[in-house]
Amino acid sequence: FGSRRSVRNGWYPAPRQIALVRSYPVMMRQFFSKARERKAREQAEEEAKKAEPKEGEDKEANPNQPPAKAPAAAHQAAAPAPPVPDLSTPPGVLEVLRTEAALRLGSNYISKTREYFDRGVPVPEVLNAQVEAQALMAHGLNPRDPAVLDQYREAARVLPEVEREEIFFLQANDKLWRPNAPSLGAPLTGALLRPAGDTLEATTLEQELAARANTVVVASSST
């Protein structure tokens, strides 16, 4: 591009040389840009040639060809729903009762009923009705149908005692609530909890009856 002497020595570059020097960075950028584009195009053409199957070669057999995906099923078969228990048979009733027993032993039910047990008062019936409804719904039964509720409760009531022993709350009912037991003339005995301030004291029914001249005993199935 001519002499590189400084202007102080009296040499000045020609206008054409100045234009070349100024346009040199632009020319180099264009050159490298075209070179990169050409290289990318050549690489793409080379990869396309490798991906094409050779004559007489199956496309799936080409190791460079990604495996074809299996077509998705238009309609995937849904998992079959479990059969609804037959409440007219002992096995069907026991299936629902086992679920209700598991719910009664769960932390949710225990946390709601604990405060009533700690105060020595019966648990509200609505809490028991809730776990009963949850158990029925878990098996595809409608707890809002009065006929379903009546059938379930009646079937649980008439279960043989040997089968009721498996369900802890039915077993407790059988042991603690016997309305047909021959109690006429028999003494009243048993353990009791007596309120004492904010706590409960252990006592016996015999002690409480002996301390009172006249006593009325009221039995409830909730106990």
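All values reported here derive from a predicted model rather than from experimental measurement.
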Would you compute the distance between atom [atom1] of [X] and atom [atom2] of [Y] and round it to the nearest 0.5 angstrom?
X: Gln134; Y: Glu100; atom1: CD; atom2: CD; value: 9.5 Å
X: Arg104; Y: Gln130; atom1: CZ; atom2: CD; value: 11.5 Å
X: Leu209; Y: Leu192; atom1: CG; atom2: CG; value: 8.0 Å
X: Asp145; Y: Asp150; atom1: CG; atom2: CG; value: 9.0 Å
X: Glu95; Y: Asp86; atom1: CD; atom2: CG; value: 10.5 Å

Which pair of heavy atoms, one from [X] and one from [Y], lies closest together, and at what distance?
X: Ala156; Y: Arg164; result: O-NH1, 2.6 Å
X: Ala135; Y: His139; result: O-CD2, 3.1 Å
X: Gln151; Y: Ser88; result: NE2-N, 3.7 Å
X: Pro85; Y: Gly92; result: CB-O, 3.6 Å

Requested in this report: Say whether Thr203 and Glu208, considering side chains only, have a donor N or O and an acceptor N or O under 3.5 Å apart.
Outcome: yes
Query raised in the report: Between Tyr109 and Val131, does a side chain to side chain contact (heavy atoms under 4.5 Å, CB included) hold up when you go through it step by step?
Result: CA-CA 8 Å; Tyr109 178 81; Val131 293; 3.5 Å; yes
Query raised in the report: Does Leu87 sit in a hydrophobic cluster with other residues, and if so which ones, taking ILVMFWY side chains as linked at heavy-atom separations under 4.5 Å, directly or through other members?
Result: Val84, Val93, Leu94, Val96, Leu97, Leu105, Leu136, Leu141, Val148, Leu149, Tyr152, Leu159, Ile167, Phe168, Phe169, Leu170
Requested in this report: Give the C-alpha distance, both sets of side-chain angles, the deciding distance and a yes or no for side chain to side chain contact (heavy atoms under 4.5 Å, CB included) between Gln171 and Glu161.
Outcome: CA-CA 8 Å; Gln171 183 188 45; Glu161 187 171 338; over 6 Å; no
Query - Residues in side chain to side chain donor-acceptor pair (under 3.5 Å) contact with Thr113, at least two apart in sequence or another chain - result: none
Query raised in the report: When clusters are formed by joining ILVMFWY residues with side-chain heavy atoms under 4.5 Å apart, either directly or through shared neighbours, do Leu205 and Leu200 land in the same one?
Result: no
